[in-house]
Asks: 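Below you'll find the structure I mean.
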There are 2 protein chains.
Amino acid sequence: MENIFINPGKEQWAELTKRPAFDYAALEAIVQPVLQDVKETGDEAVKKYAAKFDKVQLQDLFVTAAEMEEAIAMVNEELKLAIQLSENNIRLFHESQKDAVQKITTTNGVVCWRKSVAIQNVGLYIPGGTAPLFSTILMLGIPAQIAGCSNIVMCTPSNAAGKVNPVILYTAQLLGIKNIFKIGGVQAIASMAYGTQTIPAVNKIFGPGNQYVTAAKQLVNREGIAIDMPAGPSELAVFADNSSIAAFVAADLLSQAEHGTDSQVLLVATSTQIIKEVNSQIDIQLKELPRKEIAAAALKHSRFIVFENEKTAFDFLNDYAPEHLIIASENAIELCEQVINAGSVFLGNYSPESAGDYASGTNHTLPTNGFAKAYSAVSVDSFVKKITFQQLSETGIQNIGPSIELMATAEGLQAHKNAVTLRIKKS
Amino acid sequence: MENIFINPGKEQWAELTKRPAFDYAALEAIVQPVLQDVKETGDEAVKKYAAKFDKVQLQDLFVTAAEMEEAIAMVNEELKLAIQLSENNIRLFHESQKDAVQKITTTNGVVCWRKSVAIQNVGLYIPGGTAPLFSTILMLGIPAQIAGCSNIVMCTPSNAAGKVNPVILYTAQLLGIKNIFKIGGVQAIASMAYGTQTIPAVNKIFGPGNQYVTAAKQLVNREGIAIDMPAGPSELAVFADNSSIAAFVAADLLSQAEHGTDSQVLLVATSTQIIKEVNSQIDIQLKELPRKEIAAAALKHSRFIVFENEKTAFDFLNDYAPEHLIIASENAIELCEQVINAGSVFLGNYSPESAGDYASGTNHTLPTNGFAKAYSAVSVDSFVKKITFQQLSETGIQNIGPSIELMATAEGLQAHKNAVTLRIKKS
């Protein structure tokens with residue numbers, strides 16, 4: 001490990017919290033014509049790009065009931081039970097995110113409230129590729145169901161034989177998701193954004209993906225299709241002190257590093273001893289990993305930073321605003337009061353990132369790239385609009401009408417005033 | 001009124017719910033160099049563009065305490081009281097949007113919760129121009145304060161003499177907003193996005209503006225600065241039936257129409273009689289308005305639509321997804337159950353849009369352009385991130401660990417499994 005920094009001054013923080021930069025302009029130039037083509041010719045374009053990019057000749061885009069049955073039979077019972085446990089926990093936590101309607105009388109005769117109403121049509125993108133992310137179906141599908149979305153569309157790429165990963169199909173059917181299309185990449189995002197002969201258009205698109213998928217989501221977002229959040233490579237910061245367990249910290253850093261060569265891994269510690277121990281543990285554990293090349297490449301641009309005190313360490317961590325933050329300390333509950341910017345926080349020595357990735361109940365769709373300074377994890381909130389309502393009685397307009405008249409006049413909006421004056425006179 | 005449609009079939013709805021299209025690509029080509037210039041040369045560029053676009057030679061960008069004092073003395077006491085009433089109502093309603101932390105035990109030993117933490121640095125853009133929108137300061141500043149944002153920056157253009165509208169300054173000081181800069185347009189958005197020698201950079205930018213401001217917000221959004229929501233021209237739909245009061249409906253439509261020539265006005269009714277009455281009322285009321293040219297131009301592309309029944313009327317309204325929806329009916333409370341897509345809804349004959357624009361307590365920063373299908377009004381939510389936390393005990397990892405191991409293995413992520421296996425063995 002060469003990337004060790006001892007007590008870096010604030011002038012170095014910008015460099016130390018930097019993320020890899022992507023050339024989105026270049027990506028957009030590649031992605032835009034594909035979007036346009038799907039917009040214009042629909043299914044025909046989708047099949048063309050599936051053949052070109054995914055090397056698959058698709059007849060039907062829709063996953064049939066027979067394919068679903070076949071897939072479900074292929075998943076072993078132990079894994080099914082694991083997915084069900086995870087589903088239960090995610091459901092319990094996300095159920096608590098529902099908002100009750102609260103009517104507020106702001107002035108006598110003036111009642112205001114908000115009501116959460118589901119976004120009607122939502123699209124979930126589930127990547128295939130090197131890791132079939134069936135856990136993401138739980139993370140997106142459960143809050144969509146709790147919100148009450150009427151139409152849930154799911155796109156996921158098939159393999160070259162036109163088959164979708166069976167665990168992906170099992171998880172989808174567990175949630176009752178029926179509109180599943182065998183489409184990946186940019187053409188999937190385009191299909192859900194514009195609709196095709198087969199795929200219905202949606203109001204909001206969710207889900208992770210590679211750089212092309214990310215660029216496609218950003219492009220359709222500009223045309224008015226909502227997206228879950230801007231995305232970047234996955235990242236983890238761990239805070240460690242003398243109460244941390246080095247083997248656990250090393251395992252957590254490696255679990256992040258194996259995601260991709262562009263994964264970001266940061267260790268921030270108040271002890272040089274723990275950094276040394278973590279380093280030797282990484283050396284031991286790395287060798288055993290099937291994805292060790294990926295993890296090793298990601299570790300090359302990882303950073304290990306020592307600060308003299310906790311306050312400065314957390315100032316730095318807030319400046320970095322990590323997607324995942326593990327506070328690997330026996331003192332985690334107190335320390336977490338200092339967290340201002342993070343996506344999801346894991347407290348103590350027995351809360352690995354893996355727990356949140358799969359089964360603790362929190363959502364794993366999180367803001368990366370420093371977006372945790374302004375964005376939140378996906379939640380039930382992401383699948384609803386909160387519509388405001390107000391009802392004024394005749395007394396209500398008498399009470400607040402004169403103020404509205406004055407303010408409208410001061411803003412130079414006479415018709416706004418009139419709408420009130422007429423009502424005051426009549427009531 | 002020529003734009004009357006009787007029972008239009010669904011095949012006509014796409015046309016009837018259409019918004020005016022803007023050529024954002026053309027706008028962006030104008031806006032991008034200004035953004036870049038401010039990014040590179042800061043205050044120098046800001047002053048240059050203030051001279052060029054706003055015809056003002058600015059010495060200092062910051063509004064001083066002396067200027068503040070002077071402005072406050074210029075606002076009459078009656079208007080101050082009106083603004084205070086409005087502030088009180090907006091505060092009461094938005095206080096109810098705060099979330100309490102709710103700890104959920106998803107499995108024995110696994111506790112998850114969300115905590116709302118303020119976005120640290122927020123920027124509020126308050127347009128000057130034809131209408132000095134001081135009410136927008138209340139709508140953005142109050143939720144920012146309730147959320148607990150540490151740094152609130154406000155930009156608003158000065159007049160040619162370098163003075164900011166006194167009511168704008170009064171309202172800002174009422175909320176305790178101190179960082180106020182005399183900057184308008186694209187250069188204001190650029191200053192808050194990138195920071196200059198004088199203006200601090202922020203994490204999220206809020207506020208309405210003209211097409212250039214909107215394009216600037218969208219462009220900085222792509223660079224990772226969050227924005228409140230995508231924007232378009234303001235719009236109102238009114239649902240009317242035989243219990244509506246025609247003079248009120250006409251006044252409401254005109255209050256929307258006076259906003260700008262591009263304002264959208266829709267009247268959806270279950271009675272042709274009410275449409276006729278509203279039309280004659282519009283003729284009478286329009287003549288008296290100071291902004292009658294603007295209102296008349298907006299009315300030219302308004303639409304009056306009659307449907308046979310309420311169900312179809314609300315299907316159409318949901319398809320349109322209006323920013324503001326007035327249900328001008330004695331039956332409003334029952335009818336509002338049918339609302340799926342809208343920004344803010346006004347119930348009954350005594351709830352004009354003006355009430356929500358100024359003083360009922362709801363927020364007037366709302367999704368336009370059909371974005372109400374997926375976006376919500378600005379609220380306290382807009383000024384916080386909801387950070388998730390999880391804490392597993394040794395029992396917790398024993399309970400959910402085996403499921404995580406199975407799922408991680410099935411996703412091909414061995415290091416994710418390891419992080420759990422090590423802990424299960426040790427606990």
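Letters A, B, ... mirror the listed sequences (proteins, then strands); counts begin at 1.
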Asks: Select one option (side chain, backbone, both, neither) describing which atoms of A:Asn221 are under 4.5 Å from chain B's heavy atoms.
Replies: side chain

Asks: Could you check A:Ile168 against A:Tyr170 for side chain to side chain contact (heavy atoms under 4.5 Å, CB included), going step by step and ending with a plain yes or no?
Replies: CA-CA 6 Å; A:Ile168 284 186; A:Tyr170 167 74; over 6 Å; no

Asks: Which heavy atom of A:Cys336 sits nearest a heavy atom of A:Leu347, and at what distance?
Replies: CB-CD2, 3.6 Å

Asks: Of all the heavy-atom pairs spanning B:Leu366 and B:Asn363, show the shortest one and how long it is.
Replies: CD2-O, 3.6 Å

Asks: Mind checking the OG-CD1 spacing from B:Ser360 to A:Ile104? Nearest 0.5 Å is all I need.
Replies: 12.5 Å

Asks: Suppose the criterion is salt bridge (charged side-chain N to carboxylate O under 4.0 Å, His left out): which pairs have a residue in residues 81-91 of chain A, not counting sequence neighbours?
Replies: A:Glu87-A:Arg91

Asks: By a 4.5 Å heavy-atom criterion (distance strictly below it), what part of A:Ile327 contacts chain B: side chain, backbone, both, or neither?
Replies: neither

Asks: Could you look at A:Val384 and say if it's the side chain, the backbone, both or neither that has a heavy atom under 4.5 Å from chain B?
Replies: backbone

Asks: Check each atom of B:Ser393 against the heavy atoms of chain A and say whether the ones under 4.5 Å are side chain, backbone, both or neither.
Replies: backbone

Asks: Do A:Tyr358 and B:Ser403 touch side chain to side chain, with heavy atoms closer than 4.5 Å?
Replies: no

Asks: Taking all heavy atoms of A:Pro132 and all of B:Ala410, pick out the closest pair and write down the distance.
Replies: CG-O, 3.9 Å

Asks: Less than 4.5 Å to any heavy atom of chain A: does that hold for the side chain of B:Asn121, its backbone, both, or neither?
Replies: neither

Asks: Any idea which heavy atoms bring B:Gly348 and B:Ala332 closest together, and the distance?
Replies: N-CB, 3.3 Å

Asks: Pick whichever of A:Phe134, A:Trp113, A:Phe383 has the most heavy-atom pairs under 4.5 Å with chain B.
Replies: A:Phe134

Asks: If we only count heavy atoms from C-beta on, is the B:Tyr375 to B:Pro230 side-chain gap below 4.5 Å?
Replies: yes

Asks: Can you tell me which portion of A:Val117 sits under 4.5 Å from chain B's heavy atoms? Options are side chain, backbone, both or neither.
Replies: side chain

Asks: Among A:Arg222, A:Gln391, A:Gln102, A:Lys417, which residue forms the greatest number of heavy-atom pairs with chain B at distances under 4.5 Å?
Replies: A:Arg222

Asks: Examine whether an atom of B:Leu422 lies under 4.5 Å from a heavy atom of chain A, and if so say whether it belongs to the side chain, the backbone or both; otherwise answer neither.
Replies: both

Asks: Against chain A, label B:Leu85 side chain, backbone, both or neither, depending on which of its atoms sit under 4.5 Å from a heavy atom there.
Replies: side chain

Asks: Should B:Phe389 and B:Lys103 count as side-chain neighbours, where that means a heavy-atom distance under 4.5 Å?
Replies: no

Asks: Measure distances from B:Lys292 to the heavy atoms of chain A and classify the residue's part below 4.5 Å as side chain, backbone, both or neither.
Replies: neither

Asks: So which residue, A:Asn88, A:Asn349, A:Leu81, ends up with the most heavy-atom pairs under 4.5 Å with chain B?
Replies: A:Asn349

Asks: Between B:Thr105, B:Thr107, B:Asn76, who has the most heavy-atom pairs with chain A when the cutoff is under 4.5 Å?
Replies: B:Thr107

Asks: Could you tell me which non-hydrogen atom of B:His259 sits nearest to which non-hydrogen atom of B:Arg291, and how far apart they are?
Replies: O-NH2, 3.6 Å

Asks: If you tally heavy-atom pairs under 4.5 Å against chain A, which of B:Cys112, B:Ser116, B:Pro402, B:Gly396 wins?
Replies: B:Cys112

Asks: Heavy-atom distance under 4.5 Å to chain A: side chain of B:Ile119, backbone, both or neither?
Replies: both

Asks: Give the minimum heavy-atom separation between A:Val167 and A:Ile83, together with the two atoms involved.
Replies: CG1-CD1, 3.7 Å

Asks: Where does B:Leu138 contact chain A at under 4.5 Å (heavy atoms): side chain, backbone, both or neither?
Replies: side chain

Asks: Taking A:Thr409, A:Asp357, A:Asn418 one by one, which has the highest count of heavy-atom pairs under 4.5 Å against chain B?
Replies: A:Asp357

Asks: Side chain from CB out, backbone as N, CA, C, O: work out which of these in B:Asn369 comes under 4.5 Å of a heavy atom of chain A, or both, or neither.
Replies: neither

Asks: Assess whether side chain to side chain donor-acceptor pair (under 3.5 Å) is satisfied between A:Glu411 and A:His416, documenting all intermediate values.
Replies: CA-CA 10 Å; A:Glu411 286 194 350; A:His416 281 65; over 6 Å; no

Asks: Does any backbone or side-chain atom of A:Gln97 lie under 4.5 Å from a heavy atom of chain B? Answer side chain, backbone, both or neither.
Replies: both

Asks: In terms of heavy-atom pairs under 4.5 Å, which option from A:Glu78, A:Gln414, A:Lys204, A:Gln390 contacts chain B the most?
Replies: A:Gln390

Asks: Donor-acceptor pairs under 3.5 angstrom involving side-chain atoms of residues 248-257 of chain B: please list them, not counting sequence neighbours.
Replies:
unit_1	atom_1	unit_2	atom_2	d
B:Asp252	OD1	A:Arg423	NH1	2.9
B:Asp252	OD2	A:Arg423	NH2	2.6
B:Ser255	OG	B:Asp252	O	2.8
B:Gln256	NE2	B:Ser234	O	3.4
B:Gln256	NE2	B:Ser234	OG	2.8

Asks: Using non-hydrogen atoms and a 4.5 Å limit, figure out which bit of A:Gln218 sits close to chain B: side chain, backbone, both or neither.
Replies: neither

Asks: Can you tell me which portion of A:Asp381 sits under 4.5 Å from chain B's heavy atoms? Options are side chain, backbone, both or neither.
Replies: side chain

Asks: Which region of B:Leu286, side chain (C-beta onward) or backbone (N, CA, C, O), has a non-hydrogen atom less than 4.5 Å from a non-hydrogen atom of chain A, or is it both or neither?
Replies: neither

Asks: Taking side chain as everything from C-beta outward and backbone as N, CA, C, O, which of these in A:Ile90 sits under 4.5 Å from a heavy atom of chain B? Side chain, backbone, both or neither.
Replies: neither

Asks: Can the ring centroids of B:His364 and B:His324 be said to lie less than 6.0 angstrom from one another?
Replies: no

Asks: Is A:Phe371 in contact with chain B via its backbone, its side chain, both, or neither, using a 4.5 Å heavy-atom distance?
Replies: side chain

Asks: Heavy-atom cut-off 4.5 Å, strictly under: side chain, backbone, both or neither for B:Ala372 against chain A?
Replies: backbone

Asks: Measure B:Leu289 against the heavy atoms of chain A and call it side chain, backbone, both or neither at under 4.5 Å.
Replies: side chain

Asks: Count the heavy-atom pairs under 4.5 Å between each of B:Thr421, B:Thr362, B:Asn203 and chain A, then report the option with the highest count.
Replies: B:Thr362

Asks: Decide salt bridge (charged side-chain N to carboxylate O under 4.0 Å, His left out) for B:Asp99 and B:Lys386; before the verdict, give the C-alpha distance in whole Å, the side-chain angles of both, and the deciding distance to 0.1 Å.
Replies: CA-CA 9 Å; B:Asp99 284 313; B:Lys386 297 187 181 180; 2.7 Å; yes

Asks: Hey, does A:Phe346 have a side-chain heavy atom less than 4.5 Å from the side chain of B:Leu392?
Replies: no

Asks: Among B:Val110, B:Leu79, B:Ile340, single out the residue with the greatest number of heavy-atom pairs under 4.5 Å to chain A.
Replies: B:Ile340

Asks: I'd like to know which of B:Gly109, B:Ser379, B:Ala408 tops the heavy-atom pair count under 4.5 Å against chain A.
Replies: B:Ala408

Asks: How long is the span from the CD1 atom in B:Ile400 to the OG1 atom in B:Thr106, to the nearest 0.5 Å?
Replies: 6.5 Å

Asks: Specify which of A:Lys426, A:Lys373, A:Gln120, A:Met407 makes the most heavy-atom pairs with chain B at under 4.5 Å.
Replies: A:Met407

Asks: Where does A:Leu92 contact chain B at under 4.5 Å (heavy atoms): side chain, backbone, both or neither?
Replies: both

Asks: At a 4.5 Å cut-off on heavy atoms, which part of B:Asn399 comes close to chain A: side chain, backbone, both, or neither?
Replies: backbone

Asks: Taking A:Ile424's backbone N and O only, do any of them form a donor-acceptor pair with A:Gln398's side chain (distance below 3.5 Å, no angle check)?
Replies: yes

Asks: So for A:Ile397, is it side chain, backbone, both, or neither that comes closer than 4.5 Å to the heavy atoms of chain B?
Replies: side chain

Asks: Counting heavy-atom pairs under 4.5 Å with chain A, which one of B:Ala377, B:Ala342, B:Gly361 comes out on top?
Replies: B:Ala342

